[in-house]
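Data first, discussion second: the structure below is written as structure tokens.
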Amino acid sequence: ETPWYLLPPAQMFMAGFLPFSAIYIELHYIFASVWGHKIYTLFGILFLAFVMLVVVTAFITVSLIYFQLAREDYRWWWR
């Protein structure tokens, strides 16, 4: 029996939700400044948010592939 977190819908949700949640606050400030006709001046923080997004995406990718390979499901890429 496969645990719920190894099912494809759960993994797709985790792969999308976790990186989005890491960058959501910064996106909120950017959209608020664009729609409010203000100048966005926090480019250093934007760069840190981008780095955080890349790191979270890499960790999620590695961990989900590890979970698939630890199940010894060598045909995981065909699903």
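Here the structure is a predicted model, which is why all the values come from computation and not from measurement.
Hydrophobic clustering (ILVMFWY, side-chain heavy atoms < 4.5 Å, transitive): Met12 and Ile65 are in distinct clusters.
Taking Ile, Leu, Val, Met, Phe, Trp and Tyr as hydrophobic and joining them when side-chain heavy atoms fall under 4.5 Å apart, one finds Val54 in a cluster with Phe50. With side-chain heavy atoms closer than 4.5 Å counting as contact, directly or through intermediates, the hydrophobic cluster containing Phe47 also holds Val51, Val55, Phe59.
With sequence neighbours excluded, no residue forms a ring-ring contact (aromatic ring centres under 6.0 Å, His included) with Tyr66. Not counting sequence neighbours, the partners of Pro3 by the side-chain contact (heavy atoms from CB on, under 4.5 Å) test are Tyr5, Leu6. Partners of Trp4 under the ring-ring contact (aromatic ring centres under 6.0 Å, His included) rule, at least two apart in sequence or in another chain, do not exist in this structure.
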Below 3.5 Å, can you tabulate the donor-acceptor pairs from side chains in residues 14-24 to any protein atom, sequence neighbours excluded?
from  : atom 1 : to    : atom 2 : distance (Å)
Ser21 : OG     : Phe17 : O      : 3.2
Ser21 : OG     : Leu18 : O      : 2.8

